There are 2 protein chains.
Amino acid sequence: MTPKRKRRNTSTRRADLANEIAEAIRLRLFRPGEWLRQIDLEERFQATRFDVRRALDELAVRKTIEHVPNRGYRVAEIDLKTYGEILAIRVMLETAAAESAAARIDGAGIARLDALAAQFSAAVLTGSRTEQSEINRAFHQLMYSFCGNAVLQETIWALRDRGRGSQITVWSSHEALLASDREHHAMMAALRAGDAAGLAALVARHVTKGAVPAARPAEPAAAPKLSA
Amino acid sequence: MTPKRKRRNTSTRRADLANEIAEAIRLRLFRPGEWLRQIDLEERFQATRFDVRRALDELAVRKTIEHVPNRGYRVAEIDLKTYGEILAIRVMLETAAAESAAARIDGAGIARLDALAAQFSAAVLTGSRTEQSEINRAFHQLMYSFCGNAVLQETIWALRDRGRGSQITVWSSHEALLASDREHHAMMAALRAGDAAGLAALVARHVTKGAVPAARPAEPAAAPKLSA
DNA sequence: GGTAAAAATATTGGCGCCAATTATGTTGCA
DNA sequence: TGCAACATAATTGGCGCCAATATTTTTACC
C-alpha cells in the first residue's frame with residue numbers, strides 16, 4: 001500500500017481538511033466524546049500530521065471538537081442546557097432567514113427547493129439515516145440561501161453544527177421523520193403563497209420539534225424560551 | 001533590552017495570545033487592512049513564533065483577521081454590505097438578550113449596571129475614545145450576562161468583534177456619544193421598571209443608530225432590515 | 001490474588017530549521 | 001528618465017525531530 005498522494009495542492013488541502021473532518025463528525029463516523037487520534041486522521045485523510053493539527057485547532061475554535069491539553073481532541077459533548085440555548089438562538093435566526101427568503105425567492109428557486117423536498121420524501125422511505133440527514137441539510141441550506149444575508153447563513157450553520165454533539169435523536173421516531181417531511185411540504189406551500197409569517201411559524205416549530213431529547217421522546221415541545 | 005520573559009506558563013500564553021491581539025485590534029492599535037507581521041507580534045507580546053502563528057490562525061477562523069497565503073495576516077476590512085448584515089443579526093440577538101435579561105436581573109445586578117452607566121457618563125466628558133469604548137463594552141456585556149444564555153452571549157460578541165474592521169465611526173459626533181449615554185440611562189429606567197419590551201426597543205435603536213457610516217453621518221437610521 | 005510501584009509504550013505538542021514565496025533594491029538598456 | 005530584468009533581502013509557512021505527558025503493561029511485594 002503505497003501512499004497515493006501524500007501531498008497534493010497543499011493550499012486547498014489545508015482549508016478543506018477541517019471541513020472533511022467536520023463532515024465525518026456530522027455523519028456520526030466519530031461519535032460525541034470520541035477521541036480523534038492524530039495518527040488515525042493522518043492515514044484516513046492522507047494528510048500530514050501538521051495539517052491534521054491545524055484542522056483540529058480550527059474545529060476546536062469552532063467548538064465542533066474540544067481540546068484537552070496533553071490528551072488530545074475529542075468530539076464535543078454538549079449538555080442539554082447548552083443544546084437548549086442553541087435551539088433558542090436557532091429559532092430566532094432561522095425564522096428570520098425564512099421570512100426574508102419568502103420575500104426574495106423566485107420561481108426557479110422554488111422549483112429547486114421542491115426537488116429537494118421530493119428527494120427527502122423519497123429518502124424517508126428508502127434512504128439511510130445519514131442520507132435523510134444530508135438531504136434535509138441541503139433543503140434548509142438552499143432555503144436560507146435566499147435570505148440575502150451571508151453572515152446570517154454562516155451563523156445558522158455554525159450553530160447547527162455545534163448542536164450536533166448532543167445526546168439527541170434528531171428524528172426520534174418514524175412518525176417524527178414523517179412529520180418533518182410533511183412540514184417541508186407545508187413550507188413549500190407557504191413559500192408559493194408568499195406567506196412569510198406562516199413560513200416563519202412553520203420553521204419555528206420545525207426547529208423546536210425536530211430535535212427531542214432522546215431520553216424523553218414524548219415530551220411536548222415547549223414554546224421556545226431563550227434560556228434552556 | 002533583554003527579553004523579560006521569553007516563555008511563561010505556556011498553556012495560558014497560547015490561549016490568551018489570540019485575545020490579546022484581538023484586544024489590540026479593538027483598541028485600534030492595528031487598523032483595518034494593516035498587515036500583522038509575525039516578527040513584530042513576537043516581540044510586542046513576548047511570545048514564540050509558533051504561538052503567534054497559532055493565535056493568528058485562530059483569529060482568522062474567528063474572521064477577526066484575514067489570511068492571504070504567502071502574504072500573511074491582516075486586520076479584516078469589511079464592506080458596508082457585510083456590516084449591515086451583521087447589524088441586522090445583532091439587532092435580533094441583542095434585543096432578545098436584553099428582553100430576557102430584563103426578566104432575570106436582580107437588584108444587585110441593576111446596581112452594578114448603574115455604576116457602569118455612570119462611568120460611561122463620566123467618560124463622555126473626560127475620557128478618551130478607547131476608554132469610552134471599553135466602558136460601553138463592559139456595560140453591554142454585563143447587561144447581556146443576565147440573559148441566561150451563554151451561547152447567545154458568545155454569538156453576540158463574536159458578531160460585535162467581527163463588525164469592528166469597518167470604515168464606520170461608532171460615535172460619529174459628540175451628539176451621537178451623548179445620545180448613547182442618554183440611551184444607557186433610559187435602558188436602566190426600563191430595567192428598573194421591568195419593562196422588557198421597552199428595553200428591547202431601546203436596544204434595537206441603540207445598536208442601529210450607534211453605528212452610522214462615517215461618510216454620511218446625517219443619514220437617518222433605517223428600520224432594521226435583514227439584508228444590507 | 002490483589003495492589004502498588006516501575007518500566008515500557010503510545011501520543012501529544014513545542015520549536016527550530018530552511019525551502020518557497022513575495023517584496024525591495026539595483027542594474028542595464030532604450 | 002522610464003521601464004524591465006535581474007539580484008538581494010525580508011517574510012511566511014511546511015515539516016520533522018524529540019521532549020513532555022499520558023496510558024498501558026509488567027514486575028515486585030504483601
Side-chain angles (χ1 to χ4, degrees), chain A residues 2-21 24-25 29-31 33-77, chain B residues 2-21 24-25 29-31 33-77:
Chain A
T2 59
K4 292 174 186 173
R5 26 144 215 193
K6 187 68 181 180
R7 183 110 0 88
R8 77 154 108 147
N9 189 293
T10 202
S11 75
T12 58
R13 190 95 200 97
R14 151 76 50 74
D16 293 334
L17 183 54
N19 288 328
E20 287 184 43
I21 298 175
I25 292 174
L29 300 178
F30 301 108
R31 283 194 201 67
E34 189 174 342
W35 290 101
L36 300 171
R37 287 194 308 129
Q38 299 179 5
I39 297 177
D40 293 347
L41 298 177
E42 266 181 77
E43 295 200 354
R44 183 198 274 262
F45 296 101
Q46 289 300 317
T48 68
R49 160 158 302 225
F50 192 79
D51 287 336
V52 168
R53 263 162 65 182
R54 270 270 185 104
L56 290 175
D57 273 339
E58 175 172 343
L59 291 175
V61 173
R62 289 206 242 152
K63 304 279 185 80
T64 304
I65 64 180
E66 177 193 12
H67 177 59
V68 182
N70 292 319
R71 292 289 306 280
Y73 301 80
R74 65 177 156 193
V75 181
E77 280 180 297
Chain B
T2 60
K4 293 174 185 175
R5 26 144 214 194
K6 187 67 181 181
R7 184 114 352 94
R8 75 152 110 141
N9 189 293
T10 199
S11 74
T12 58
R13 190 94 199 98
R14 149 77 51 74
D16 294 335
L17 182 54
N19 289 328
E20 287 183 43
I21 298 176
I25 292 174
L29 300 178
F30 302 108
R31 286 194 197 67
E34 189 174 343
W35 290 101
L36 300 171
R37 286 192 313 129
Q38 299 179 4
I39 298 177
D40 293 347
L41 298 176
E42 268 181 76
E43 294 200 355
R44 183 198 275 259
F45 296 100
Q46 290 300 315
T48 68
R49 162 161 298 226
F50 193 79
D51 287 336
V52 168
R53 264 163 63 181
R54 270 266 186 107
L56 291 175
D57 273 339
E58 174 171 341
L59 292 176
V61 172
R62 290 207 242 151
K63 304 280 185 79
T64 304
I65 64 179
E66 176 193 11
H67 177 56
V68 182
N70 292 318
R71 293 289 307 282
Y73 300 80
R74 66 177 156 193
V75 180
E77 282 180 297

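This one's a predicted model, so the numbers in the text were calculated from it and none came from an experiment. Letters A, B, ... mirror the listed sequences (proteins, then strands); counts begin at 1.
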Nucleotide C/dA10, atom P - distance to CD1 of A/Ile39 in whole Å
9 Å
Distance check needed: D/dG13 C1' versus B/Tyr73 OH, whole Å only.
8 Å
Measure from the side chain of A/Arg37, starting at C-beta and using heavy atoms only, and say which of D/dA22, C/dT22, C/dT11 lies closest.
C/dT11
Gap between atoms CZ and C1', on B/Arg71 and D/dT12 respectively (whole Å)
11 Å
Rounded to whole angstroms, how far apart are CZ on A/Phe50 and P on D/dG13?
10 Å
Evaluate the side-chain proximity of A/Glu42 to A/Asp51: yes if any heavy-atom separation is below 4.5 Å, no if none is.
no
Residue-phosphate contact under 4.0 Å: B/His67 side-chain N/O, D/dT12 OP1/OP2
no
Whole Å only: how far is the CZ atom of A/Arg74 from the P atom of D/dA22?
14 Å
Please examine the side chains of B/Trp35 and B/Val68, heavy atoms only from C-beta on, and report whether any two atoms are closer than 4.5 Å.
yes
Side chain to side chain contact (heavy atoms under 4.5 Å, CB included) filter on B/Arg31, not counting sequence neighbours, yields B/Glu34
Using whole Å, report how far CZ of A/Arg54 lies from P of C/dC15.
16 Å
Between C/dG13 (P) and A/Asp57 (CG): distance, integer Å
9 Å
Minimum side-chain heavy-atom gap A/Gln38-A/Leu56 below 4.5 Å:
yes
Starting at CG of A/Leu56 and ending at P of C/dT12, how long is that distance when rounded to a whole Å?
9 Å
What contact category does B/Arg53 fall into here, base, sugar-phosphate, or nothing, at under 4.0 angstrom with non-hydrogen atoms?
base
In terms of side-chain heavy atoms of A/Gln38, which of C/dT12, C/dT21, D/dT21 is nearest?
C/dT12
Touch check for B/Arg49, heavy atoms < 4.0 angstrom, all strands: base, sugar-phosphate only, or nothing?
base
Residues in side chain to side chain donor-acceptor pair (under 3.5 Å) with B/Asp40, at least two apart?
B/Arg37
Sugar-phosphate only, base, or nothing, as touched by B/Val52 at under 4.0 Å among non-hydrogen atoms:
nothing
